[in-house]
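Here the structure is laid out as structure tokens; the discussion comes afterwards.
These numbers come from a predicted model, not from an experiment. Proteins get letters first, then strands, A, B, ... in listed order; numbering begins at 1 in each.
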Amino acid sequence: MAVIQREISISFPELLKVEKKEQKHILPDLEDVKGKVVMRLAPSPSGPLHLGHTRMAILNDEYVKRYGGSLILRIEDTNPSNIDPEAYRMIPEDLEMLGVKVHNIVIQSSRLEIYYNEARKLISGSHMYVCRCDKEVEKKYKLEMKACPHRDQTAEENLDLFQKMINGELASGAASVMLKTSLNHPNPSLRDWIAFRIPPAEHPLVGRKYSLFPTMNFSVAVDDHLLGLTHVIRGMDQLNNTYRQKFIFDYNNWKTPFYFHYGMISYPGALLKTSLMKRGIKKGDFSGWDDVRLLTVRALLKRGYRNETFRKYWIDSGLRDVDATFSWEIFNSINKGFIDSGAKRIFFVKDPVKITIKDAPDIASSIPFHPSDPKMGSRNYLVKKGSDIYVTTEDWNSIPSGENVRLKDLCNVTKTGNSAKYSIDQEPMKRGKIIHWAPEDSSEFSVEKPDGTIDKGVIEPEGTKVAGEVQMERYGYVNSFPKKGMGYYTHR
RNA sequence: GCUCCGAUAGUGUAGUCCGGCCAAGCAUACCGGCCUUUCAAGCCGGCGACUCGGGUCCAAAUCCCGGUCGGAGCACCA
């Protein structure tokens with residue numbers, strides 16, 4: 001059989017081609033699509049977007065692009081204690097850099113009157129009541145499946161108290177608005193949940209004008225309806241919230257959007273808590289939101305990840321309800337696929353050691369910028385007789401004295417003690433070690449790595465003219481900023 | 001503890017709804033080879049998986065029950 005195949009491939013190579021079908025991952029169709037879709041991204045403005053957010057952003061964007069319709073960025077800022085005013089600016093920036101097309105931006109703190117009105121309707125319909133119990137007492141009632149004394153207040157009493165809350169006549173914690181569900185619901189977190197409360201902190205956008213804020217479950221339900229959401233895809237962690245929000249849809253006879261909850265992704269060892277990143281920045285552990293040790297979108301892009309990489313990674317991962325682990329291995333490999341063909345090859349000599357090549361003539365060296373793309377040209381050097389070159393300490397120390405080694409695209413040398421001797425034999429070495437080098441007039445260069453360390457060394461002169469994503473040969477891919485004499489390590 | 005999800009190779013996934021074409025596809029990693037003056041890319045080949053136990057059925061990764069393991073949530077965060 002093998003013989004026959006070989007014969008076929010010689011005479012009819014195209015016959016064998018058919019067998020291999022490249023399988024590309026495609027997101028499953030959304031259920032219940034009638035015409036265009038309306039979907040949303042709903043981050044809270046506690047900081048810029050990070051790796052964990054990119055999934056929801058890209059998945060929603062993909063579906064809106066597939067079916068047509070609109071993608072709403074809804075900034076969920078109903079908890080004044082957890083807001084970074086800068087986030088209102090950073091989040092749209094991040095989305096744009098990711099290639100996510102947002103059609104409409106909605107800020108919840110500008111819609112408080114809308115929530116109040118919807119609340120009045122539900123209070124009038126006896127679906128909500130103002131509770132003045134202490135937090136702990138209230139909790140106890142629920143665990144015991146009992147009604148608190150305020151649950152039976154009349155709608156008029158509740159409306160009156162609600163207005164007092166709006167007017168700022170009640171202090172934080174003095175009262176809250178509860179949505180009636182079912183006191184004996186088996187899932188305790190679905191029993192009468194909080195719809196409004198008076199937070200202790202002042203809201204950075206609306207300031208003193210408002211002191212009563214809905215909880216996310218209330219504002220999300222109202223907005224999902226009012227904004228005409230057709231499909232909501234979000235993490236499994238939101239499942240209980242979906243059940244909670246369902247009560248509001250039911251009381252109002254609203255049609256619910258189509259929900260899908262995807263499995264949770266775990267990011268082993270990753271710092272993805274915005275609050276912790278923020279604390280680190282404040283303390284000075286990180287230089288800012290784009291510190292390369294952080295996994296924010298801006299830091300990752302600065303390191304040299306392409307926005308296409310995020311997209312392909314999340315599409316490949318699919319939309320499933322299973323939990324999964326984020327794989328840097330795959331993520332980096334995808335990114336390499338995007339950057340390699342355009343990345344010029346550059347010699348970066350880390351921890352350089354200067355050596356003289358004894359007995360060498362003037363040597364002209366021409367090195368292609370890309371081994372498989374001659375159109376990218378080459379860099380040319382003349383290493384004059386008697387001048388020095390740099391190689392990495394690691395390479396140099398790994399070569400035993402007396403050993404021949406190839407300086408890539410320059411010449412063969414023999415290590416003799418602490419110096420190198422121009423080899424008699426300059427034929428291409430098939431088996432030997434090939435190392436990279438940099439000429440004497442190279443510049444200092446350093447590479448910042450995501451683990452916080454910095455590799456210092458020298459970069460070949462032509463390397464100082466190439467900005468952006470390059471491949472430092474035998475080192476790794478680097479997003480280079482030669483004017484600053486440094487770059488950020490992307491990955492191997 | 002309670003409520004709710006889930007379980008395919010080292011990793012990420014396809015297939016599971018509507019049982020047979022799945023002695024399980026793809027990617028990545030790894031191993032071997034080709035190419036190559038990079039330990040890159042590319043090409044070829046290889047390794048490697050249906051959580052366990054029972055049931056239904058001519059037939060189960062796919063349906064049912066149970067165990068185990070893992071995950072999410074648990075009430076004024078979103």
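- The separation of B:G1 from B:C21, taken at their C1' atoms, amounts to 48 Å, rounded to a whole angstrom.
- Between the OH atom of A:Tyr262 and the P atom of B:U13 there is a distance of 13 Å, given to the nearest Å.
- Comparing B:U38 with B:U51, their C1' atoms sit 44 Å apart, to the nearest whole Å.
- Taking the P atoms as reference points, B:G19 lies 16 Å from B:C57, given to the whole Å.
- When the P atom of B:U13 is taken as reference, atom CG of A:Asp316 falls 10 Å away, rounded to whole Å.
- By the 4.5 Å heavy-atom criterion applied to side chains, A:Phe310 and A:Phe331 are counted as neighbours.
- At the heavy-atom level, A:Glu76 lies under 4.0 Å from the strands shown only through sugar-phosphate atoms.
- Applying the 4.0 Å criterion to OP1 and OP2 of B:A78, one finds that A:Thr78 has a side-chain N or O inside that range.
- Geometrically, A:Arg379 engages A:Phe347 in a cation-pi contact defined by less than 6.0 Å to the ring centre and at most 45° from the axis.
- Nearer to the 5' terminus of RNA chain B, by closest-nucleotide assignment, is the contact made by A:Asp340 (compared with the other of A:Asp340 and A:Asp134).
- Nearest nucleotide to the A:Met216 side chain, out of B:G12, B:A40, B:A78: B:A78.
- Taking a cutoff of 4.0 Å between a charged side-chain nitrogen and a carboxylate oxygen, A:Glu86 and A:Arg89 qualify as a salt bridge.
- Closest to the side chain of A:Arg345, from the set B:A78, B:C5, B:U38, is B:U38.
- Residue A:Ser81 is classed as having no contact, given no heavy-atom separation below 4.0 Å to the nucleic acid.
- Using a 4.0 Å heavy-atom cutoff across all strands shown, A:Leu239 reaches sugar-phosphate atoms only and no base atom.
- Residue contacts shown for A:Ile198 are absent, as no nucleic acid heavy atom lies under 4.0 Å away.
- Spacing of C1' atoms, B:U8 relative to B:A24, comes out at 9 Å, to the nearest Å.
- For A:Ile434 and B:C35, the CD1 to C1' distance is 13 Å, given to the nearest whole Å.
- If you take atom P in B:A61 and the same atom in B:A9, they sit 15 Å apart, rounded to whole Å.
- Considering only side-chain atoms of A:Ser327, the nucleotide from B:A40, B:G12, B:C76 that sits closest is B:G12.
- For the pair A:Arg379 CZ and B:U37 C1', the computed distance is 12 Å after rounding to whole Å.
- Look at A:Glu394 and A:Lys350 and you find no salt bridge, because none of the NZ, NE, NH1 or NH2 atoms lies under 4.0 Å from a carboxylate O.
- Comparing the C1' positions of B:U11 and B:C17 gives an interatomic distance of 27 Å, to the nearest angstrom.
- Along RNA chain B, the nucleotide nearest to A:Ala324 and the one nearest to A:Lys336 differ in position, and the one closer to the 5' end is contacted by A:Ala324.
- Consecutive pairing runs in RNA chain B reach the stem threshold at B:1-7 with B:68-74, B:10-13 with B:25-28, B:30-34 with B:42-46, B:51-55 with B:63-67, where a stem means at least three Watson-Crick or G-U wobble pairs with distances under 3.5 Å.
- Here B:C76 presents its P atom at 9 Å from CE of A:Met178, a figure rounded to the nearest Å.
- Side-chain atoms of A:Lys135 lie closest to B:C76 of the nucleotides B:C74, B:C76, B:G12.
- Residue-level contact check: A:Thr325 touches the backbone only, with heavy atoms under 4.0 Å from sugar-phosphate atoms and none from bases.
- Residues A:Tyr305 and A:Phe338 fail the side-chain proximity criterion, which asks for heavy atoms closer than 4.5 Å.
- Across all strands, A:Asn241 comes closer than 4.0 Å to base atoms (heavy-atom distances).
- A:Glu138 comes within 4.0 angstrom of no nucleic acid atom, judged by non-hydrogen atoms across all strands.
- The side-chain contact (heavy atoms from CB on, under 4.5 Å) test applied to A:Asn217 returns A:Trp193, A:Thr215, A:Asn241, A:Arg244, A:Gln245, not counting sequence neighbours.
- Here B:U38 presents its P atom at 11 Å from CD1 of A:Ile367, a figure rounded to the nearest Å.
- Base engagement by A:Asp409 is indicated by at least one non-hydrogen atom pair under 4.0 Å involving a base atom.
- Among the atoms of the strands shown, only primed sugar atoms or phosphate atoms (P, OP1, OP2) are found under 4.0 Å from some heavy atom of A:Met236.
- When the C1' atom of B:A41 is taken as reference, atom CZ of A:Phe338 falls 15 Å away, rounded to whole Å.
- When distances are taken from the side chain of A:Pro188 to each of B:U38, B:C77, B:C2, the shortest belongs to B:C2.
- One can place NZ of A:Lys246 at 16 Å from P of B:C4, the figure rounded to the nearest angstrom.
- Comparing B:A14, B:A40, B:U28 against the side chain of A:Arg320 picks out B:A14 as the nearest.
- Residues A:Tyr116 and A:Tyr210 form a side-chain contact, since some pair of their non-hydrogen atoms from C-beta on lies under 4.5 Å apart.
- Atom name C1', nucleotides B:C44 and B:C35: the rounded distance is 11 Å, in whole Å.
- Using a 4.0 Å cut-off between charged nitrogen and carboxylate oxygen, A:Asp340 and A:Arg345 count as a salt-bridge pair.
- Side-chain atoms of A:Glu329 and base atoms of B:G10 include a donor and an acceptor less than 3.5 Å apart.
- Within the 4.0 angstrom heavy-atom criterion, base atoms lie near A:Asp395.
- For B:A40, its base never sits under 3.5 Å from the side chain of A:Arg492 at any donor and acceptor pair.
- The structure places NZ of A:Lys140 at 10.0 Å from CG of A:Leu143, a figure rounded to the nearest 0.5 Å.
- Among the atoms of the strands shown, only primed sugar atoms or phosphate atoms (P, OP1, OP2) are found under 4.0 Å from some heavy atom of A:Pro186.
- Side-chain contact check for A:Asp455 versus A:Tyr475: some heavy-atom pair is nearer than 4.5 Å.
- Residue contacts shown for A:Tyr475 are absent, as no nucleic acid heavy atom lies under 4.0 Å away.
- Taking the C1' atoms as reference points, B:C22 lies 13 Å from B:A59, given to the whole Å.
- Nearest nucleotide to the A:Tyr243 side chain, out of B:C4, B:G73, B:U28: B:C4.
- Closest to the A:Met264 side chain, of the nucleotides B:G71, B:G73, B:A29, is B:G71.
- The number of heavy-atom neighbours closer than 6.0 Å to NZ of A:Lys312, taken from other residues, nucleotides and ligands shown, is 12 or below.
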